Amino acid sequence: MIQQTQHTTHPRPLLLAILLGLLFSASARADLPRDGLVLIDFDANWRYHDKDEDLGTAWVRPDFDDSGWSEGPALLGYDTADRRGRWPEPGLQTELQPNLITYYFRTTFDYEGPTQGVSLNLQHIIDDGAVFYLNGVELGRTELMPEGDIAHNTRTTTWTNPSIEDAEFELDPSLLRRGRNVLAVSVHNQSPNSSDICLGAKLTVTEDTALPPALYLSWQRDPTSTMTIQWHLDEHDHSTRLVYAPAGSDDYREANVDTHPMVFSDRPIYTAELTGLRPGSDYKFRILREQRGASSPTLRFRTMPATADERPIRIAVGGDVLHRYEWMARTNREAARMDPDFIVWGGDLAYADGREDRIDRWYTFFRAMNETLILDDGRVIPVVMGIGNHEIVGHFYWGADRGRDTYEDTDEYRESIAPYYYNMFAFPGHPGYGVLDFGDYMSIILLDTDHSGPVEGTQTDWLAETIAQRDGVPHIIPVYHYPAFPSVRDFFGAVPTRIREHWIPHFERHGVRIAFENHDHAYKRTVPIKAEREHADGIVYIGDGAWGVSTREVHVAAETPYLAKSISERHFILLTIKGETQDLKVFSEHGNIIDHHISRPRR
């Protein structure tokens, strides 16, 4: 059952809302399995007539009385040539009268699923030929049957032997009904002297489904009890709905859905925030479409556990995501293979630079996510996305000859220089930085390194207050784009210097143990650093952003006092949190471990 709530952007008259509610309730309640619902299997029970009697055409009708026919399980037939051992499973189970031209069969099944937007698939084991009728209408005939009217004395064009075959004909799903259905089959021999005949059939219904062109999950509030689902369509569809339920239940609820247009595109963006969820639980969801296009398959997500002691928490972290599709996809697949709870990308996502003429890069970015970050069981891996210079027109708030003095701390200004980022992602939203609190055990802080706003000033004030409020949280994890301790660029550059001056003192005062940096297209891990010196109680800065981009030559670690390791290699970092321990394994795009670091709480 779906519990209806109002669609926030498309109010409708009450009667229409009720009718649509009934429609979607029926669809979701009959949620078809991902691999389809078997209506008739190869060993199904059939009624059959093998009396060499011309039944005309009435026998195919659903209301035909077949109570006087014989009955038995498939496979049904005979074999006078002693080849039964070669028949497909389940083998010959019901013997028929031999040496007739035509045999008649009927079986019934009940169906309560959707009848729109579905496909029928028929596999058959037939010797020699057959005509199939669903609810009195011809569904199709095997290739050895002649064209035209079929009669009691119709023979096949040649002979064959029993084997499992897919139907050569297109099956019309509109013949399927809710309630009782009847499949009738006439099986025909090539000759009355034939040594065998056989009937077996497997009929499956599958829902016609398709992923939307973009689908991505994240959070705006506590990930232990919420989930935000966003998707795009090629055109606006007022009928689109999102329904969800606990994984083991069919008690679907319908989510509130907001929609707004994608910048520089005809695509609409839909957003549904689900709240009041149970921590550490699996949920299923579907995006339903009544009017245009196919609904989504049944997909899954899981909420984060209530504590870090229940099970290991796995987070794949990186940045600088899409230079080439194949690079992004390869690293995505390796990260997905680890079954992470979620991914964090610290900026430079699609490399569209906020430009209208580069919108195709976003289409490619979302295609790569669809094709690689949905697991075989349907679970969609959430992604938390930070901002980088390639989300910005001119790379920095003062770029493209704007200058620092022209900066305005307004939503309108930020949207003008980072149009895609603020348009497409629910978190962090304005002003480009934010915090996600996972219960009371972890806080991920996304920051903006001079891209849509300055490091210093308002953002630093927010950081100081935010991190102080979380003093004592075991895992405070900053993620940002430009590195304070670069593996490629100049340590004394303006942005790294500002980060070290304004942010790092707050990190050091409030228990940060690791910070994720990006931007340099390489991998690095620093020594523990405190007050810009190596210190046993210092912070390890890790990353430098090479998820799906070309790599750069790095500073040699042995010649760079703050670097413990540096490599020019595409990679992702798998952060595993168990209790208060932070275990970081770094994997190359090919799945090889290239570094390992463990951070335990300071005593």
Side-chain angles (χ1 to χ4, degrees), residues 308 312-320 344-347 386 441-447 449 463 467 470-471 473-489 491 496 499-547 554-569 571-588 593-603:
I313 295 167
R314 293 184 295 274
I315 311 164
V317 188
D320 300 81
V344 180
W345 283 330
Y441 61 86
M442 180 168 67
S443 296
I444 292 181
I445 302 175
L446 285 188
L447 296 167
T449 48
L463 172 64
I467 201 167
R470 287 153 182 82
D471 203 13
V473 172
H475 305 283
I476 300 176
I477 302 174
V479 181
Y480 47 90
H481 189 65
Y482 212 114
F485 296 91
S487 62
V488 173
R489 288 177 171 79
F491 176 81
I499 295 169
R500 293 194 300 271
E501 176 185 352
H502 293 283
W503 292 354
I504 286 179
H506 299 291
F507 296 171
E508 292 178 348
R509 276 196 292 271
H510 296 288
V512 171
R513 289 185 276 153
I514 54 171
F516 290 98
E517 305 187 321
N518 297 279
H519 186 58
D520 267 4
H521 298 195
Y523 170 70
K524 68 98 188 285
R525 172 172 53 86
T526 70
V527 298
I529 296 172
K530 186 174 183 179
E532 297 194 17
R533 289 179 171 78
E534 184 173 357
H535 193 288
D537 289 337
I539 299 168
V540 172
Y541 299 84
I542 191 167
D544 272 17
W547 189 284
V554 295
H555 302 319
V556 178
E559 300 172 1
T560 308
Y562 60 81
L563 290 179
K565 188 156 189 171
S566 59
I567 309 173
S568 298
E569 191 158 1
H571 67 278
F572 70 92
I573 303 164
L574 186 68
L575 168 61
T576 301
I577 290 175
K578 179 64 175 175
E580 295 188 356
T581 299
Q582 301 168 348
D583 184 298
L584 298 100
K585 290 187 175 72
V586 185
F587 292 86
S588 75
I593 295 179
I594 59 176
D595 196 17
H596 186 200
H597 172 73
I598 297 176
S599 173
R600 294 184 173 86
R602 303 174 186 126
R603 301 301 181 192

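No experiment lies behind these values; they were computed from the predicted model shown.
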For the student: nearest non-hydrogen atoms of Trp547 and Ala316, plus distance: CH2-CB, 4.3 Å

Residues which pass ring pair (Phe, Tyr, Trp, His ring centres under 6.0 Å) with Trp503, listed by chain and number, not counting sequence neighbours: Tyr480

Flag, side chain of Arg513 to backbone of Ser599, donor-acceptor distance under 3.5 Å: yes

Nearest-0.5 Å distance that lies between atom NE2 in His506 and atom CD1 in Ile467: 8.5 Å

Nearest non-hydrogen partners of Ala484 and Pro496, listed with the distance: O-CB, 3.8 Å

Side chains of Ile573 and Val586 in contact at under 4.5 Å (non-hydrogen atoms): yes

Spacing of Lys565 atom NZ and Thr526 atom OG1 [to the nearest 0.5 Å]: 14.0 Å

Single hit among Phe516, Tyr523, Phe485 for ring pair (Phe, Tyr, Trp, His ring centres under 6.0 Å) with Tyr541: Phe485

Set of side chain to side chain contact (heavy atoms under 4.5 Å, CB included) partners for Thr560, sequence neighbours left out: His555, Tyr562, Leu563

Non-neighbouring partners of Arg533 that pass side chain to side chain contact (heavy atoms under 4.5 Å, CB included), sequence neighbours left out: none

CD1-CZ distance between Ile594 and Arg525, expressed to the nearest 0.5 angstrom: 11.0 Å

Nearest heavy atoms of Leu575 and Leu584, plus distance in Å: CD1-CG, 3.9 Å

Residue pair Ala546 / Ala522: nearest heavy atoms and the distance that separates them: CB-N, 3.6 Å

Where Pro528 and Ala536 come nearest, the two heavy atoms and their spacing: CB-O, 4.4 Å

Distance in Å, Ile577 CD1 paired with Ile315 CD1, rounded so as to fall on 0.5 Å steps: 4.5 Å

Heavy-atom donor-acceptor pair, Asp520 side chain to Pro486 backbone, under 3.5 Å: no

Arg509: salt bridge (charged side-chain N to carboxylate O under 4.0 Å, His left out) partners, not counting sequence neighbours: none

Straight-line distance of Lys530 NZ to Ile504 CD1, nearest 0.5 Å: 13.5 Å

Shortest non-hydrogen separation from Val527 to Pro561 and the atoms involved: CG2-O, 4.0 Å

Beyond-backbone contact of Phe572 with Val317, side-chain heavy atoms, under 4.5 angstrom: no

Any residue meeting side chain to side chain contact (heavy atoms under 4.5 Å, CB included) with Pro474, in chain and number order, not counting sequence neighbours: Glu580

Residues which pass ring pair (Phe, Tyr, Trp, His ring centres under 6.0 Å) with His475, listed by chain and number, not counting sequence neighbours: none

Under 3.5 Å: donor-acceptor pair, side chain of Arg489, backbone of Tyr482: no

Parallel, tilted or perpendicular, as decided by the 30° and 60° cut-offs, for the rings of His481 and His519: perpendicular

Pair Lys524 + Asp544: basic N to acidic O under 4.0 Å: yes

Intermediate values then yes/no, side chain to side chain contact (heavy atoms under 4.5 Å, CB included), Phe507 and Leu463: CA-CA 9 Å; Phe507 296 171; Leu463 172 64; 4.0 Å; yes

Rounded distance (nearest 0.5 Å) linking atom CD1 of Ile477 with atom CE of Met442: 5.5 Å

